[in-house]
K.L.:
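One structure, pasted below without further comment.
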Amino acid sequence: MIRIFLTGYMGAGKTTLGKAFACEISVPFIDLDWYIEERFHKSIRELFTERGEASFRELERNMLHEVGEFEDVVVSTGGGTPCFFDNMEYMNGCGQTVFLDVHPDILFRRLRVAKLQRPILQGKTDEDLRTFIVEALDKRAPFYSQARYRFDAGYLESRGQIDESVQRLRQLLGL
Ligand SMILES: Nc1ncnc2c1ncn2[C@@H]1O[C@H](COP(=O)(O)OP(=O)(O)O)[C@@H](O)[C@H]1O
Ligand SMILES: O=C(O)C1=C[C@@H](OP(=O)(O)O)[C@@H](O)[C@H](O)C1
Ligand SMILES: [Mg+2]
């Protein structure tokens, strides 16, 4: 049985790599954000706005427990998932956890063009965004570092790099 959780900051590549990796090893893929959006018929952005973050985190935990029961699955979590409740402990208890480690400069480059979909980054100037990423990584590091594996996901800019990363992840996990 294969149950893998990909964790890491926004823009680390959890969705991109998770999807390609699951396809490569022929295991169903679940992106926790998409799973939540389908279940509630709302975007993550709407759920944040309507309920507030605390309530979003509760439903995120509930949905994590739901997908954590699936057998043979690659799950891409949301960037904040490991940092609330005992979510990290839960994931370590039922599957293999991977922290996608990416340098803040690369995260900044990716997120400045993809911040609209992410409620937490809304309305930030470039300067704000850079500082915000560095500070958030500092706060979240104690959670991400509890993942069993650490993977350098700084190379996802082209199809070729994604393929190469998929193979590297495969080796890391011995699959
Ligand atoms: N070459 C690139 N140039 C700009 N943005 C990129 C590039 N590659 C990926 N991104 C962006 O970086 C983010 C990383 O991918 P994603 O898999 O969504 O990360 P995560 O799920 O960890 O938040 C995406 O939002 C994507 O739009
Ligand atoms: O870091 C966070 O707190 C969040 C990350 C997002 O997922 P991605 O990391 O896939 O962008 C999404 O769950 C939500 O916007 C909150
Ligand atoms: Mg994602």
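These numbers were taken from a predicted model, which means no experiment stands behind them. We count residues from 1, following the sequence as given. Both counts, for ligands and for their atoms, begin at 1 and track the order of listing. The analysis underlying the following values was restricted to heavy atoms, covering all of them including side chains, and did not include hydrogens, waters or symmetry mates.
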K.L.:
Considering only the protein, which heavy-atom contact is closest to atom 15 (O) of ligand 1, and what is its distance?
P.N.:
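I find the closest protein heavy atom is T16 OG1, 3.3 Å.
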K.L.:
Do the side-chain N and O atoms of T81 and N87 include a donor-acceptor pair separated by under 3.5 angstrom?
P.N.:
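Short answer, no.
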K.L.:
N/O of G13 under 3.5 Å from N/O of ligand 1, yes or no?
P.N.:
yes
K.L.:
Taking non-hydrogen atoms only, is V113 closer than 4.0 angstrom to ligand 1 via side chain, backbone, both or neither?
P.N.:
side chain
K.L.:
Indicate yes or no: does R130 engage E127 in a salt bridge with an N to O separation below 4.0 Å.
P.N.:
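Looking at E127 together with R130, the answer is no, because their closest N to O distance does not fall below 4.0 Å.
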K.L.:
Any N or O of I44 that comes nearer than 3.5 Å to an N or O of ligand 2?
P.N.:
no
K.L.:
Say whether, by atom type as modelled, one donor and one acceptor occur between the side chain of Q146 and the main chain of P142 under 3.5 angstrom.
P.N.:
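Between the backbone of P142 and the side chain of Q146 there is a qualifying donor-acceptor contact (under 3.5 Å).
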K.L.:
Among E157, R110, R109, whose heavy atom sits nearest atom 3 (N) of ligand 1?
P.N.:
E157
K.L.:
With nothing but distance in play, are any N or O atoms of T77 less than 3.5 Å from an N or O of ligand 2?
P.N.:
no
K.L.:
Report yes if some N/O of A12 lies less than 3.5 Å from some N/O of ligand 1; otherwise report no.
P.N.:
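Min N/O separation from ligand 1 is below 3.5 Å for A12.
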K.L.:
Cluster question for you: counting only ILVMFWY and a side-chain heavy-atom cut-off of under 4.5 Å, with indirect links fine, are M10 and F108 together?
P.N.:
yes
K.L.:
Give the ring-plane orientation class for F56 versus F48, where under 30° counts as parallel, over 60° as perpendicular and anything between as tilted.
P.N.:
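The arrangement is tilted - the two ring planes meet at 30° to 60°.
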K.L.:
Within 2.8 Å of the Mg ion (ligand 3), is there any N, O or S atom belonging to M10?
P.N.:
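Here the distance criterion (N, O or S atom, under 2.8 Å) is not met by M10, so no.
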K.L.:
Specify whether W34 and F29 have parallel, tilted or perpendicular ring planes, treating 30° as the upper limit for parallel and 60° as the lower limit for perpendicular.
P.N.:
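Because their plane-to-plane angle is over 60°, the rings of W34 and F29 count as perpendicular.
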K.L.:
For ligand 1 and G11, I'd like to know whether there is a polar contact (N/O to N/O, distance under 3.5 Å).
P.N.:
yes
K.L.:
For ligand 2, is R57 a contact, meaning one of its heavy atoms is under 4.0 Å away?
P.N.:
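In this structure, R57 qualifies as a contact of ligand 2 - some heavy atom is under 4.0 Å.
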K.L.:
Count I, L, V, M, F, W, Y as connected when their side-chain heavy atoms are under 4.5 Å apart, and connections chain through other members. Are I2 and V98 then in the same cluster?
P.N.:
yes
K.L.:
Any nitrogen or oxygen of D33 lying under 3.5 Å from a nitrogen or oxygen in ligand 2? Just yes or no.
P.N.:
yes
K.L.:
Considering only non-hydrogen protein atoms, determine which one is nearest to atom 26 (C) of ligand 1 and report residue, atom name and distance to 0.1 Å.
P.N.:
A114 CB, 4.4 Å
K.L.:
So, regarding G8 and ligand 2 (criterion: nitrogen or oxygen to nitrogen or oxygen, under 3.5 Å), is there a contact or not?
P.N.:
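No, no N or O pair falls under 3.5 Å.
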K.L.:
Could a heavy atom of R140 be found less than 4.0 Å from some atom of ligand 2?
P.N.:
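Within the 4.0 Å threshold, so yes.
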K.L.:
Hey, is R112 touching ligand 1 through its side chain, its backbone, both or neither, going by heavy atoms under 4.0 Å?
P.N.:
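Under 4.0 Å from ligand 1, R112 contributes no heavy atoms.
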K.L.:
For the residue pair G79 and C83, what are the closest heavy atoms and their distance?
P.N.:
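Where G79 meets C83 most closely, the heavy atoms are O-SG, 4.2 Å.
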